[in-house]
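Report on one structure; see the data block that follows.
For clarity, every value in this text was computed on a predicted model and none was experimentally measured.
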Amino acid sequence: MSRKQKAKSPTPGASKSARDSRASTPDSSTWPSAGASGVDDQDELETTEGSDELSRLIANNVERFDIADFPYTLRPGLTDMASSYFQPAYKRDFTALALKPDHENLPMWIDGWGKIILENFHWQAPRVQDFLITVAEPTSRPTFMHEYKLTIHSLYAAVSVGLSPKDVVTTLERFSKNGLPPNIAQFITECGRSYGKVKLVLRNTKYFLETTDKALLQQLLRDPEISVCRVQGTEATRTSAPTMAGLTIAGTKEAAGGEARGLYSLLNDDDDDADDGDATHAFEIKDDKVSAVAARCLALHYPALEEYDFRNDNVNPDLEIDLRPATQIRSYQERCLSKMFGNGRAKSGIIVLPCGAGKTLVGITAACTIKKGIVVLATGSMSAIQWRDEFIKWTNIDPSSISIFSSDQKTPFTGATGVIVTTYSMVTNTRNRAHDSAKMMEFLASREWGLMLLDEVHVVPAQMFRRVIGSIKAHSKLGLTATLLREDKKIDDLNYLIGPKLYEANWMELSQQGHIARVQCAEVWCPMPTEFYDAYLHASPRSRTLFCAMNPRKFQACQYLIKYHESWGDKIIVFSDNVYALEVYARRMMKPFLYGGTSLSERQEVLNYFCNSPDCSTLFLSKIGDTSLDLTEATVLIQVSAQYGSRRQEAQRLGRVLRAKRRNEEGFNAFFYSLVSKDTVEMVYSSKRQVFLVDQGYAFRVITQLKNIEKTPDLAFATPEARRELLQKMLVESESSSWKKEEEKEAAGLLADGNMFYSRGGKPGRKGPRAPRRTAGTLGELSGGQDMAYVEQNKSANKLLKGKKKAPQNDFFRAMAREKDRRKKL
DNA sequence: CAGGGCACAG
DNA sequence: TGGTCTGTGCCCTG
């Protein structure tokens, strides 16, 4: 395949940073040497340059297999004269996709752009569903029609669970109503030629590069970069591919081999299985060169799949861990695990399950299957504690061999091996460490781990967090998440950082089976009173969000909904990202509220109160509720203000009510309300946020008028006077809570120009030190000593006097300076 | 040992 | 040279 000049075609999925660095690559033909240069100095420490290098390699790979390189061409003469006038419409021209005679018996279509449509109501649909999840990316799965897309990542995942490109092509061909477009077949074959060919296997602490393709083996051996990494004289050929035989995943009903066959049952009746060379060729690689080889394989467009032959690992000590006999894992969890252990080895990859569907148990079961040292990475210390508790709850592990490594607990386990639960920031921390935590890190880095469990894996692509991959030696990695989504494009990097997506559950299906709660979603449109709308229109974009959140009609709607649901005995959570609005709402309604500033003990107290007391059925939460608060009591969720268009946040919030304890009651329904100020930016954001959930099959109902709201007694802000008062109060309070007095005066005058809430007056954009938290009023605040410009100048003047180099005032420059320092040290 | 400082994520 | 705010975690200090 000739590489096209890609300048014009945007690469789907290439991260921004990757694209930037690619721009500096003069010519794609230089990649082999460029790929190698960064690798060596990356060896033991994952530096920033190292990960940039990685991003570049990833981008290179993604770019090579752009589906646009396999253009779909219509048969000549089929297009009519008119269609050329509707340019974008040519993509919708399916005239060349002739229906098969027996199309009524077949459940899906596939077009020339890799899009697959499945009739989910078709009697054949259940047969292909599992197959499609494996080979294609589910993009939208409402009730009746499912939409999938073939991408390189999905095909990568497919080959990694053991499907051959040929299998994929024949199966697609067999089940589609129309013939498989030739360019798609070509695309699949081409991807298969490269992906999944090379495996990096660890056997008995020795790393082997393994392939079934003899020619490829020769090519790898000849490669100058790789040949220096290999241990001479270790080429070996084994006659049979690894199988699932004899491996049982704990907690499953039967030997997992049976389940695995279920997946392939579609294929086996053809032929295959025996002919495409069961012999695997392998050679050993030096231990310290593993990452170099992996990077090199990526550069050669043969990304190496990491596999861990844990049953033949006799060097790392076994861990005494088993699921408690009573635990039975659910069918979909079993399916996840059968993908992971498909050929009897542990593969690295990502499993996507909705919140509350038992991600933790999947991770724990995987741990029980591998039975080696386990590292669990969690996002926060709270969730680390939860992981430990879950381990103890589900398994018979000796509590002394499981330990937490976070800032407040640093004791390693005592035995030969065990489970360590830690946080991302603990591992990635680059600054000076406390003595014992440094020792602990050394411990973590010095030994080999059987499995690394990455909780909330969607955070890993962040610049800092991706270091964990480099600094801990784990033979297999399992990422768990509910929302494999980021608003930036870095999510695709996970394919190479961790592994392909092994399984993605269907939310609707799970909720039909009663594993997660049924949810009614609604978007409530709240009109803005004229005086507010007026102020809103004149406000700067920044303060507009506050106006939206503080819309009195929204407040009334919220009040109404709370009253309504409280009368039904529901437990309600109200989310507001805007802390100021949160406080006003909660105080006004006399309800407890939690935000980042509330102390840990207070949080616990409030949560207990909410969960256990019947007098308290409503709780107000800021962003802290998005993650890691376990609120199984909640059944209704009201969203007052949110973070722009973050789909992840929306999904995660919905997840709060999915695990409702009462979900199995007859006819139980959870509710999710999103309050939106009419005719404001919120409308746009709201629709963006919902995309993910809509794709999962949730229907959002739009409510423009709440029934009998005007007849409800005691609504706040019912009169224009009250609303005006609110407007005034908003002004004064939001000013005085953060900013100094002088600016209050200015701000009052700034009403017309809309800068009133978060402007600091003076020079716009001068970044001062962060304003103190509202909980902790400082003396300086009281004395009005917060003149930003003054403080700022003084600070830098002090720095100068001290003889240090002038500290940059901006985050960006500070980061640059830090980076420079770090490099100097290395 | 609580809270400020700092760094980072989203 | 520029997005802002909020939340979280870790380290250090009074």
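- Nucleotide C/dT6 holds its C1' atom 15 Å from the CZ atom of A/Phe593, rounded to whole Å.
- Between the CG atom of A/Asp577 and the P atom of C/dT8 there is a distance of 12 Å, given to the nearest Å.
- Checked against side-chain contact (heavy atoms from CB on, under 4.5 Å), A/Ser599 has the following partners two or more places apart in sequence or in another chain: A/Ser601, A/Glu602.
- For the pair A/Met426 CE and C/dC10 P, the computed distance is 6 Å after rounding to whole Å.
- If you check every strand for non-hydrogen atoms under 4.0 Å, A/Ser622 touches sugar and phosphate atoms only.
- By the salt bridge (charged side-chain N to carboxylate O under 4.0 Å, His left out) test, A/Lys591 pairs with A/Glu566, sequence neighbours left out.
- In this structure, CZ of A/Arg486 is placed 9 Å from P of B/dA9, rounded to the nearest angstrom.
- In this structure, A/Arg647 reaches neither bases nor backbone, as no heavy-atom distance under 4.0 Å exists between it and the strands shown.
- Atom NZ in A/Lys623 sits roughly 11 Å away from atom P in C/dC5 (whole-Å rounding).
- We find that CG of A/Leu484 is positioned 16 Å from C1' of B/dG10, with the value rounded to whole Å.
- A distance below 6.0 Å separates the ring centres of A/Phe443 and A/Phe413.
- Seen from the ring of A/Phe610, A/Lys571 counts as a face-on cation partner, given the 6.0 Å and 45° thresholds.
- A/Asp488 has its CG atom 17 Å from the P atom of B/dC8, to the nearest Å.
- Taking the six-membered ring for Trp and thresholds of 30 and 60 degrees, A/Phe391 and A/Trp387 have ring planes inclined between 30 and 60 degrees apart.
- Remark on DNA chain B: of its neighbouring residues A/Ser646 and A/Ser599, the 5'-side contact belongs to A/Ser599, judged by nearest-heavy-atom nucleotide.
- For the pair A/Ser406 and C/dG9, the criterion of a side-chain N or O lying under 4.0 Å from OP1 or OP2 is not met.
- Checking the phosphate oxygens (OP1, OP2) of C/dT8, a side-chain nitrogen or oxygen of A/Arg603 falls inside 4.0 Å.
- When distances run from any side-chain atom of A/Ser425 to the nucleotides B/dG10, C/dG7, C/dG9, the shortest one goes to C/dG9.
- The residue A/Gln649 sits apart from the nucleic acid: no heavy atom pair falls under 4.0 Å.
- The distance from atom CG of A/Leu377 to atom P of C/dC10 is 12 Å, rounded to the nearest whole Å.
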